[in-house]
Trainee: 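Input: one structure, supplied below.
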Protein chains: 2
Amino acid sequence: MIKVLLIDDHPIVMEGLKNLLSRQEDFSVAGCCATGAEGLKAITTLNPDVVLLDINLPDIKGIDICRQVRKHNTDVCIIALSVHNERPVIKNVLSSGANGYVLKNSVGEEIITAINAALKGNTYLCRAARDIMSQIQEGELTEMPRITRREKEIMALISKGLTTAQVAEQLFISPHTVESHRKNLIEKFDVSTMTAVIKLATQYGLI
Amino acid sequence: MIKVLLIDDHPIVMEGLKNLLSRQEDFSVAGCCATGAEGLKAITTLNPDVVLLDINLPDIKGIDICRQVRKHNTDVCIIALSVHNERPVIKNVLSSGANGYVLKNSVGEEIITAINAALKGNTYLCRAARDIMSQIQEGELTEMPRITRREKEIMALISKGLTTAQVAEQLFISPHTVESHRKNLIEKFDVSTMTAVIKLATQYGLI
DNA sequence: TTAAAAATGGCTGATTTCAGGGATATCGTA
DNA sequence: TACGATATCCCTGAAATCAGCCATTTTTAA
């Protein structure tokens, strides 16, 4: 009997997942968590074989949860559930230690397939995610860059409509510094304007 | 027996909703649709008493579906399901003809409550949505403005990192016109820079 | 059908951003 | 401890944005 832990903050989705798994012979629901913190605790205490992990939880970022788990536990299979169909997000989640990626608009069977694949040591992507990943991106342009704490702070303020000078004032730093961060962000996201940075960052849930 | 039509593009959520309703004595699932177009058709053919409508469908905007329905049909109760907890979005959905608003991270009972309230002629908001709406907003600042097709087009291009001149070239219009739209957008969103516009528009799912 | 809203085009000038070069200090970790 | 990543600071000039106005035509709604 394969023990599955469910982590999702939407009770209705949880309902659907439980239902889905209950129809399978060899799966049992080991536990249900609505937050990342609960989830992390449950993984150590319940020691499940598989975790179905919603990537967008209220408290902890899905990527961080994967990283946390992988620090100590390399056995558990993590299947990421998400609404995000952006290529960089998928890539990031997978490289953070997930064994599968299933979009929430997939049919239930894909989740089962993903679990079985992961248990066999394979990485399964749902059809839609596979399609996205297999698209040849012109020069691998849009990777999700690693963004520092300070940079996030600055993006948040800029996105609210503050100018460089206003951001500088708010953070008690020189406008030149804000300019530098701005430049770095534009470079990291590989775009040419700050508006493009803000759009991508918002899409990726960075701010 | 109250006939309920389900419209949601996530099979797992659908599963959960069906499960939830099946536990209720007096509700029956009249049909399930994964797209807005199917949904609109089903509403006329199946004539349900209640529609559980996911606001974020792949093809048609939830707000537009509500408007469409309300053109001809004033009887059917529409309960909006959504992940959006932004005040302007909620307000917009309700004023487009929805009889209730339930966030997807609500417990299933809230959906039942919302349906029953709507059938009695009341408008029900889930706890979290109610909290958001009752917050006294400083001067009712952040209403979701009505955005035209052209404006959306321009926002989309600007958000991709194009400059005013490039947008003008792409749309075969004068840069001055783009400037005008830009100005209107900044005014409509009541902010002072285009980056702020892009962030809000992305959040509200406008682009 | 009439009025309002949207889309188009225009001008000027002050302010801001962006690209391009730098440089130094701090912090955590290997 | 030494390295790498982060955060801080600085300059200049070209290019773009934003605020402030206005006007015409076409759609859409009342």
Side-chain angles (χ1 to χ4, degrees), chain A residues 64 67-68 70-71 143-201 206-207, chain B residues 61 63-64 66-68 70-72 92 95-97 143-201 206-207:
Chain A
D64 294 327
R67 290 223 184 94
Q68 288 270 33
R70 285 295 175 241
K71 268 191 188 165
E143 293 317 303
M144 183 150 79
R146 193 135 35 75
I147 300 300
T148 67
R149 221 175 309 130
R150 196 57 158 182
E151 285 169 340
K152 269 187 214 170
E153 219 173 334
I154 281 160
M155 280 199 290
L157 291 173
I158 289 177
S159 75
K160 281 204 287 185
L162 303 200
T163 65
T164 298
Q166 289 172 317
V167 173
E169 197 182 347
Q170 182 121 15
L171 298 178
F172 306 108
I173 57 177
S174 153
H176 296 294
T177 308
V178 180
E179 280 282 324
S180 288
H181 286 302
R182 221 193 172 94
K183 249 186 305 184
N184 292 337
L185 284 165
I186 288 174
E187 195 178 337
K188 279 191 182 178
F189 279 94
D190 196 24
V191 293
S192 58
T193 66
M194 207 53 205
T195 49
V197 169
I198 295 301
K199 184 203 159 203
L200 289 172
L206 260 42
I207 47 176
Chain B
K61 283 244 149 68
I63 292 169
D64 294 328
C66 289
R67 289 223 185 92
Q68 289 270 33
R70 285 293 175 242
K71 268 191 186 161
H72 310 292
N92 238 273
S95 66
S96 301
E143 290 318 302
M144 184 148 82
R146 194 138 28 78
I147 300 300
T148 67
R149 220 176 307 128
R150 196 56 157 180
E151 285 171 339
K152 270 187 213 171
E153 220 174 333
I154 281 161
M155 280 199 289
L157 291 173
I158 289 177
S159 75
K160 280 204 285 187
L162 302 200
T163 65
T164 298
Q166 288 172 319
V167 172
E169 198 182 344
Q170 181 120 15
L171 298 179
F172 306 107
I173 57 178
S174 153
H176 296 294
T177 309
V178 179
E179 281 281 324
S180 290
H181 286 302
R182 198 188 262 271
K183 256 182 301 187
N184 291 336
L185 284 166
I186 288 175
E187 195 177 339
K188 278 191 182 180
F189 278 93
D190 194 25
V191 292
S192 57
T193 68
M194 206 53 205
T195 48
V197 169
I198 295 301
K199 184 203 157 203
L200 289 172
L206 262 41
I207 47 176

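So that the names make sense, note that chain A is the first sequence line, chain B the second, and so on, each numbered from 1. Note that the coordinates shown come from a computational prediction; the quantities given were computed from them, not determined experimentally.
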Trainee: List the atom pairs, donor and acceptor, that lie under 3.5 Å between side-chain atoms in residues 170-180 of chain A and the rest of the protein, sequence neighbours left out.
Mentor:
unit_1	atom_1	unit_2	atom_2	d
A/Ser174	OG	A/His176	N	2.9
A/Ser180	OG	A/His176	O	3.4

Trainee: For nucleotides 9-27 of chain D, give me one character per nucleotide, 5' to 3': B if any protein heavy atom sits under 4.0 Å from the base, S if the only such contacts are to the sugar-phosphate, - if neither.
Mentor: BBS-----SBBBB------
Trainee: Nucleotide range of DNA chain C contacted by chain B, 5' to 3', under 4.0 Å to a heavy atom?
Mentor: C/dA6 to C/dC11
Trainee: For a 4.5 angstrom cut-off between non-hydrogen side-chain atoms, does A/Lys183 reach A/Ile186?
Mentor: no
Trainee: List every contact pair, protein side and nucleotides 2-6 of chain D side both N or O, where the distance is under 3.5 Å.
Mentor:
unit_1	atom_1	unit_2	atom_2	d
D/dT6	OP1	A/Arg146	NH1	3.3

Trainee: Go through the steps for A/Thr148 and A/Lys188 under the test side chain to side chain contact (heavy atoms under 4.5 Å, CB included), then give the verdict.
Mentor: CA-CA 11 Å; A/Thr148 67; A/Lys188 279 191 182 178; 4.1 Å; yes
Trainee: Measuring from A/Asp190:CG to A/Leu200:CG, what's the distance to the nearest 0.5 Å?
Mentor: 10.0 Å
Trainee: Rounded at 0.5 Å granularity, tell me how far CD1 in A/Ile154 sits from NE2 in A/His181.
Mentor: 4.0 Å
Trainee: In a table with atom names and distances, give each donor-acceptor pair under 3.5 Å that connects a side chain of residues 155-168 of chain A to protein atoms at least two apart or in another chain.
Mentor:
unit_1	atom_1	unit_2	atom_2	d
A/Ser159	OG	A/Met155	O	3.3
A/Ser159	OG	A/Ala156	O	2.7
A/Thr163	OG1	A/Gln166	N	3.4
A/Thr163	OG1	A/Gln166	OE1	3.4
A/Thr164	OG1	A/Arg182	NH1	2.7
A/Gln166	OE1	A/Thr163	N	2.8

Trainee: Using side chain to side chain contact (heavy atoms under 4.5 Å, CB included) as the criterion, point out the one residue from A/Ile198, A/Asn184, A/Ile147 that pairs with A/Phe189.
Mentor: A/Ile147
Trainee: Could you give the angle between the helix axes at the two ends of the helix from C/dT1-D/dA30 to C/dA30-D/dT1, with five pairs per end, rounded to 10 degrees?
Mentor: 80°
